[in-house]
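Everything on this sheet refers to the single structure shown next.
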Amino acid sequence: MNIKDILQTMDYGNAPESPDLALEWLAQHKNKMSHFINGDWHSGKNHFASNNPASGERLAQVSQADKNTVNQAVKAAEKALPGWQALSGHARSEYLYAIARLIQKNSRLFAVLETLDNGKPIRESRDIDVPLAIRHFYHHAGWAQLLDTEFPDHEAIGVVGQIIPWNFPLLMLAWKIAPALATGNTIVIKPAEFTSLTALLFAEICQQAGLPKGVLNVVTGDGSTGQHIVEHPDIKKIAFTGSTAVGRWIRQATAGSGKKLSLELGGKSAFIVCADADLDAAVEGVVDAIWFNQGQVCCAGSRLLVQEAVAERFHKKLISRMHKLRIGDPLDKSIDMGAIIDPRQQQKIASLVQAGVDAGACLNQSTAELPSSGCFYPPTLLTDVSPSDQVVQDEIFGPVLVSMTFRTPSEAVALANNSRYGLAASIWSENINMAMHLAPLVQAGIVWINCTNMMDAAAGFGGVKESGFGREGGKEGLYEYLTLKINTKTQKDKDKAANKQAAKSIEPVQGMDKTPKMYIGGKQVRPDGGYSYAIHNSKGQIITHAGLGNRKDVRNAVEAAATSHSWSHMNAYQRQQVMYFMAENLSYRKAEFATRLESFGHSKKQAETEVESSIQRLSYYAAWCDKFDGQIHSVPMRGVVMAMHEPIGVIAIQCPDEAPLLSFISLLAPAIAMGNRVVMTASEAFPLSALDFYQVLNTSDVPAGTVNIISGNRLELTKPLAGHMNVDAIWAFGSDAQWVEHESATNLKRSWTQNSHRDWLNINQGQGQEFLRRATQVKNIWTPYGE
Ligand code: NDP
């Protein structure tokens, strides 16, 4: 057989890796695995089987953790917390470094065990999963060292609960554990029921590294164990990777608990091939995008979009390549695709493909022989599909690619964004201008240009829309495990008093209508219902009335914000000019705004100080417009990863009652400085300063729809805003976080709730980069260079 024949058939013969090392390790544990709690092994009462998906054979019995076991793990983590936090960054970095070294020394064992347990090709576990996991610990050892100087105002959150899926068991564990340890948190982690083994091997490695008892606790079990972690009152943060359905439930279950939350959820990522792409390279890209790890990859390029002019040629090349893929024993080093995780997942894939075919899709499937036993599914391409088909919209989580064509770049963007997900996208074009034109337009947390499925510890990973929120990796990922040290006081009593006054004061207008209007779509408008409510001063006297907005006003305001794109299309310099103009125009009206504040009961001095601070705050965020830069991440490849700060879209902002002008400006300014459009709900008790602000907006060239201001009952307005599908983020200051967060689960909008009192005049509390981070999300654009 000559080289040409070999390349034609891709027939390399067998090259099996021995399972012995992993089987011996399992035998040492008598094939019965325990939980790892407080540095020791605790066998559970009940067990479940962990099988090899490639053969169906049982590998081990794994313990099922109940509520009591989770409690023990949380207690151990709590006990370990003070000691772990008392260590210097350098001391913590030494543990991370030791862990990295020990995984490296045991990398063969990890790779074989992972392949046995998960069914992924040994080539992938050996060359991707394990080295990337090691890289995460080395990278974060560095962050532990740098923490004090790079994050001076931040501290660890406490005990964190982490829940991971089965598709990259060790790698997902590394993505979660490394940053949590580096930042001084202690951990209770639950691997997926199908794939617990490498997490337990990892626990053993931590024992060998001398990690203090209780810093890491591994509890195994099914979804109910995850549920106990989510609901545990002493866990301060949940980091979850898994399906959007469970992520949504976690958002609701943790609503109002004060737990910090990061969600890495599903995806249906677009793979865009422009007519000028290197088609052969793009075909290999597709192979890596959808047939890597049997397509069980959250960021899999599962929606192929090919420019019409080359579609036929491209499909032909792709189908020919697909038929050459080798599917077989995952321990064979020369196979391309291994086993599907479980017969239930295989069944789900098969039924979704059948539904696609029933709906009219054309099925192209590899005819390669599949192993006679075990759980396998052939590489599949569905063409002749429509954008609304189930196979195009739903995540299949298997080796199934759907393909559509486009004519123009804008059509490609429209198709790519026609998804509730927004995890990743791949763009293939030899024209860098075109690729860089498309990258910011595609709604995704990661964009790969002429490459795909690239990941590294130095670059953040995570999505937008229903792919979740938060990032793992990079500097951006560390914020997920840190909290800002600010001395906010809870203002429950203060709030109660203000709300009581406001709630009592809702009464119909009498006499002449002097009601300040709301501001929607660049126009002053009366409330849809025609009602208003009385506004009192601090002595309880009625000073005027304000519009009592309702659901319809919310709808109109959101529509105005969602359809007005000109602000977001302006460059940072242009936005900056407008914001300086706003500061200038507020300055001209200083006296008016101060008088308004005095009417609420501020002293003259207090009123003047608040107005002056508001002017300064506008200037502060105007200054930031062109300075809140992203980063170039140093990843180990020839190329660059650009971490860009992008606006989130439409942000609904509920203003608190304290410092009614300054708090309004302090929340509005960072949001619009970063290019978002906003729907502002004015303070319920003192809305007039916010409503007066339309004059400044009108005279400052702010495009209509950029800022919309509504007034009325806080609860009545925030509830529809929190649930609205066109609102991308909600900041709720001073209202019940529980229902805001619960409602925000509809489209998994980013929520920022604050029940504590900020001193808005204090620049350490009322302004800063925290606000800018909340107003942006990071998009990492990977661009290799060189021929
Ligand atoms: P699931 O959401 O079902 O499970 C993920 C994890 O959550 C598992 O450990 C699971 O336990 C646990 N779990 C299940 N139910 C609950 C619950 N009610 N409360 C708490 N924890 C629970 O997803 P899959 O395991 O099926 O993973 C596939 C999904 O994960 C895909 O949709 C994929 O896109 C997504 N994913 C996202 C990634 C990302 O980074 N964005 C990366 C990898 C996967 P158990 O397994 O024991 O049932």
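We count residues from 1, following the sequence as given. Atoms within a ligand are numbered from 1 in the order they appear, just like the ligands themselves.
Contacts between Asn167 and ligand 1 below 4.0 angstrom, taking non-hydrogen atoms only, involve the side chain exclusively.
Closest heavy-atom approach to atom 41 (N) of ligand 1 within the set Thr244, Ile189, Leu265: this belongs to Leu265. The option from Pro165, Cys298, Gly266, Gly242 that lies nearest to atom 35 (C) of ligand 1, judged by heavy atoms, is Gly242. The closest non-hydrogen atom to atom 14 (C) of ligand 1, taken over Gly161, Gly223, Cys299, Ala253, comes from Gly223. Of the candidates Glu193, Lys268, Glu395, Lys190, Glu395 brings a heavy atom nearest to atom 32 (O) of ligand 1. Comparing heavy-atom distances from atom 20 (C) of ligand 1 across Gly468, Gly226, Ala245 singles out Gly226 as nearest.
Between Trp175 and ligand 1, no pair of N/O atoms sits closer than 3.5 Å.
Residues Ser63 and Ser34 bring no donor and acceptor atom of their side chains to less than 3.5 Å of each other.
A cation-pi geometry, defined here as NZ or CZ lying under 6.0 Å from the six-membered ring centre and within 45° of its normal, does not hold between Lys465 and Tyr421.
Ring geometry for Trp25 versus His29: interplanar angle of 30 to 60°, hence tilted.
Between Lys348 and Asp394 no salt bridge is recorded (no basic side-chain N to carboxylate O distance below 4.0 Å).
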Could you walk me through whether Trp41 and His35 pass ring-ring contact (aromatic ring centres under 6.0 Å, His included), step by step?
CA-CA 6 Å; Trp41 300 100; His35 309 293; 9.6 Å; no
Could you walk me through whether Glu741 and Arg251 satisfy the salt bridge (charged side-chain N to carboxylate O under 4.0 Å, His left out) test, starting with their C-alpha distance in whole Å, then the side-chain angles of each, then the deciding distance to 0.1 Å, before giving a yes or no?
CA-CA 7 Å; Glu741 290 177 351; Arg251 170 66 294 179; 3.2 Å; yes
